[in-house]
Structures are given as C-alpha cells and as structure tokens.
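Residue indices begin at 1 and follow the sequence shown.
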Amino acid sequence: MSPKIIIIGAIATFALLFGGLFFLSRPQPKVTVNPQAIGQLSAGETFYDFGTVSMAKGLVTHKFTLSNSSPIPATVTKMFTSCMCTKAKLTIADKTWGPIGMPGHTAIPNLAIQIEPGQEAVVETIFDPAAHGPAGVGNIERQVTIEQNGQPPLQLSFKALVTP
C-alpha cells in the first residue's frame, strides 16, 4: 500500500473519531417536565405497624393500595426496598411486577407502568423477619420507594418488633 493511502486513511479515521467524540460530548438539552401534565399516585395509608412478629413463624405481608386520582395517567418508573429482608410486588388489574428488592442485592428494573386516571394498584410488601438471623431481633423500620415520572417518590413504610 502506498504511503499516501495510509496517510489519507489515518486522517479519515482521525476525523471520524474526533467527529464522533465531539458529537457525543455536546451538552444534552435539558428536559423540563410540567408537573400538572403528569399524573400522581397517592396511597390511602403510607405506614403500617406489624406489631410483634416471630422469626420462627416466617414471612409477613401487608398490602398498600395506591390510586391515581388525577385526570392524567401516572407512570411508575422504579420501585425498590430499603433492606434485603424486604421485597415488594406491584399489581395492577391482573398483572404483577416483582418481587423487587434492595439495590445492590438484586437487580432493580427500570419500569414504565402506566396507571390510568381513577385506576388503583396494590403494593404488597413481604418482610422476612429471619433474614438477618439472631442480630435482627428488635425494632425495625423498612421502606418501599416508588418512583414516578416527573413527581416526587412515594414512600411506603412499615415497622415491627422482631422476636426469636
């Protein structure tokens, strides 16, 4: 191959590489979301007290009901728990997502679950009082976080007194 062709090829490769890096490094336009144009979920209750739960008796569950009372669809984009001892499932009509757990202990999927105006959803929390072994005895408090597109996250919490 002639030196001219090698030089032209090198210049073309450099130009493509530089152009690609320049394109990728451009500032991305900032997306502004109008909160009035996005539905928002609410919960009838955001806190539940299991009372005293026994490690020996196994899992305990509680269902929180969510609703979209806005005239615009709401979108759940992510859901996760605060501890590996807790899982959560989201159910709308006859479709269920989960169980979903704690970031770092399990994959947390990106979701795009639309909840229509007037529609309800159920978040089932599943707590394993034996997950931490003997060190897990005592008062606990855990959360399930539900991220919504363009709205503040919704926090559902529970507490329990864990006994052996």
Side-chain angles (χ1 to χ4, degrees), residues 24 26-164:
L24 292 174
R26 293 177 311 153
Q28 297 300 312
K30 193 170 191 177
V31 176
T32 55
V33 177
N34 177 358
Q36 283 75 35
I38 298 170
Q40 184 170 13
L41 296 174
S42 60
E45 68 173 334
T46 57
F47 181 80
Y48 182 75
D49 185 351
F50 280 110
T52 302
V53 296
S54 167
M55 292 169 96
K57 290 187 179 177
L59 304 177
V60 292
T61 65
H62 179 72
K63 293 180 180 180
F64 292 92
T65 301
L66 310 180
S67 62
N68 179 5
S69 57
S70 70
I72 299 164
T75 304
V76 173
T77 57
K78 198 171 278 192
M79 181 172 73
F80 54 90
T81 67
S82 63
C83 186
M84 61 100 172
C85 62
T86 304
K87 304 274 187 259
K89 293 180 189 178
L90 176 65
T91 302
I92 302 169
D94 61 349
K95 184 147 179 155
T96 299
W97 293 265
I100 297 172
M102 178 184 175
H105 286 269
T106 186
I108 304 301
N110 289 320
L111 305 170
I113 303 166
Q114 193 162 320
I115 302 173
E116 297 299 325
Q119 190 174 34
E120 288 190 343
V122 173
V123 175
E124 180 181 11
T125 57
I126 305 139
F127 171 61
D128 182 357
H132 295 286
V137 171
N139 288 310
I140 62 95
E141 191 165 328
R142 304 289 185 259
Q143 292 79 36
V144 175
T145 301
I146 299 160
E147 293 185 358
Q148 308 172 71
N149 187 28
Q151 295 290 353
L154 180 60
Q155 292 262 227
L156 306 173
S157 303
F158 65 85
K159 75 175 186 175
L161 173 60
V162 179
T163 61

Notebook entry, point to check: Got a second to check how far E147's CD is from L41's CG, nearest 0.5 Å?
Noted result: 12.5 Å
Note to self: Do P109 and I100 have side chains that approach each other closer than 4.5 Å (heavy atoms only, starting at C-beta)?
What the structure shows: yes
Next item on the list: Without swapping roles, check the side chain of S54 against the backbone of A56 for a donor-acceptor pair under 3.5 Å.
Entry: yes
Checklist line | Side-chain heavy atoms of F64 within contact of E45, under 4.5 Å | finding: yes
Next item on the list: Find out whether Q40 and P152 are in side-chain contact, i.e. whether some heavy atom of one side chain is under 4.5 Å from a heavy atom of the other.
Entry: yes
Next item on the list: Output, in order, the C-alpha distance, side-chain angles, deciding distance and verdict of side chain to side chain contact (heavy atoms under 4.5 Å, CB included) for E124 and H62.
Entry: CA-CA 6 Å; E124 180 181 11; H62 179 72; over 6 Å; no
Notebook entry, point to check: Should C85 and H132 count as side-chain neighbours, where that means a heavy-atom distance under 4.5 Å?
Noted result: yes
Checklist line | Nearest atoms (heavy-atom pairs only) where E116 meets P73 | finding: OE1-CG, 3.7 Å
Next item on the list: Quick one: do F158 and F47 satisfy ring-ring contact (aromatic ring centres under 6.0 Å, His included)? Show the steps, please.
Entry: CA-CA 5 Å; F158 65 85; F47 181 80; 8.6 Å; no
Margin query: Could you report the tightest heavy-atom contact between P117 and S70, atom names first, then the distance?
Written below: CB-O, 3.2 Å
Margin query: Restricting to non-hydrogen atoms, name the atom on A160 and the atom on V53 that form the minimum distance, rounded to 0.1 Å.
Written below: CB-CG2, 3.9 Å
Check: Just checking, any donor-acceptor pair under 3.5 angstrom between side chains of T96 and T91?
Finding: yes
Check: Less than 4.5 Å apart, any side-chain heavy atom of V122 and any of L90?
Finding: no
Item checked: Euclidean distance, Q143 CD relative to F80 CZ, rounded to 0.5 Å -> 10.0 Å
Check: If you look at every heavy atom in I108 and G101, which pair is closest and at what distance?
Finding: CD1-O, 3.2 Å
Item checked: Distance, nearest 0.5 Å, that separates OG of S157 from CZ of R142 -> 11.0 Å
Notebook entry, point to check: Does any donor atom in the side chain of T145 or Q155 lie under 3.5 Å from an acceptor atom in the other side chain?
Noted result: yes
Check: Nearest 0.5 Å, what's the NZ-CD1 distance between K63 and I126?
Finding: 9.5 Å
Check: Got a donor-acceptor contact below 3.5 angstrom from the T81 side chain to the T86 backbone?
Finding: yes
Next item on the list: Answer yes or no: is there a side-chain heavy-atom contact under 4.5 Å between T163 and V137?
Entry: no
Checklist line | Derivation and outcome, side chain to side chain contact (heavy atoms under 4.5 Å, CB included), residues T77 and N149 | finding: CA-CA 6 Å; T77 57; N149 187 28; 3.8 Å; yes
Notebook entry, point to check: So how far is it from T46 OG1 to L156 CG, rounded to the nearest 0.5 Å?
Noted result: 7.0 Å
Next item on the list: Just do the side chain to side chain contact (heavy atoms under 4.5 Å, CB included) check on I146 and L66 with the steps written out, would you?
Entry: CA-CA 11 Å; I146 299 160; L66 310 180; 3.8 Å; yes
Item checked: Donor-acceptor contact below 3.5 Å, side chain N68 vs main chain Q119 -> no
Item checked: Heavy-atom side-chain contact between S42 and S67 under 4.5 Å -> yes
Item checked: L59 CG to F127 CZ distance, which is reported to the nearest 0.5 Å -> 9.5 Å
Item checked: Closest non-hydrogen atom pair, M79 against L111 -> N-CD1, 4.1 Å
Next item on the list: Could you go through the side chain to side chain contact (heavy atoms under 4.5 Å, CB included) check for T75 and I115 one step at a time?
Entry: CA-CA 6 Å; T75 304; I115 302 173; over 6 Å; no
Checklist line | Smallest separation among heavy atoms of P129 and M55, with atom names | finding: O-CG, 3.5 Å
Notebook entry, point to check: Less than 4.5 Å apart, any side-chain heavy atom of W97 and any of I92?
Noted result: yes
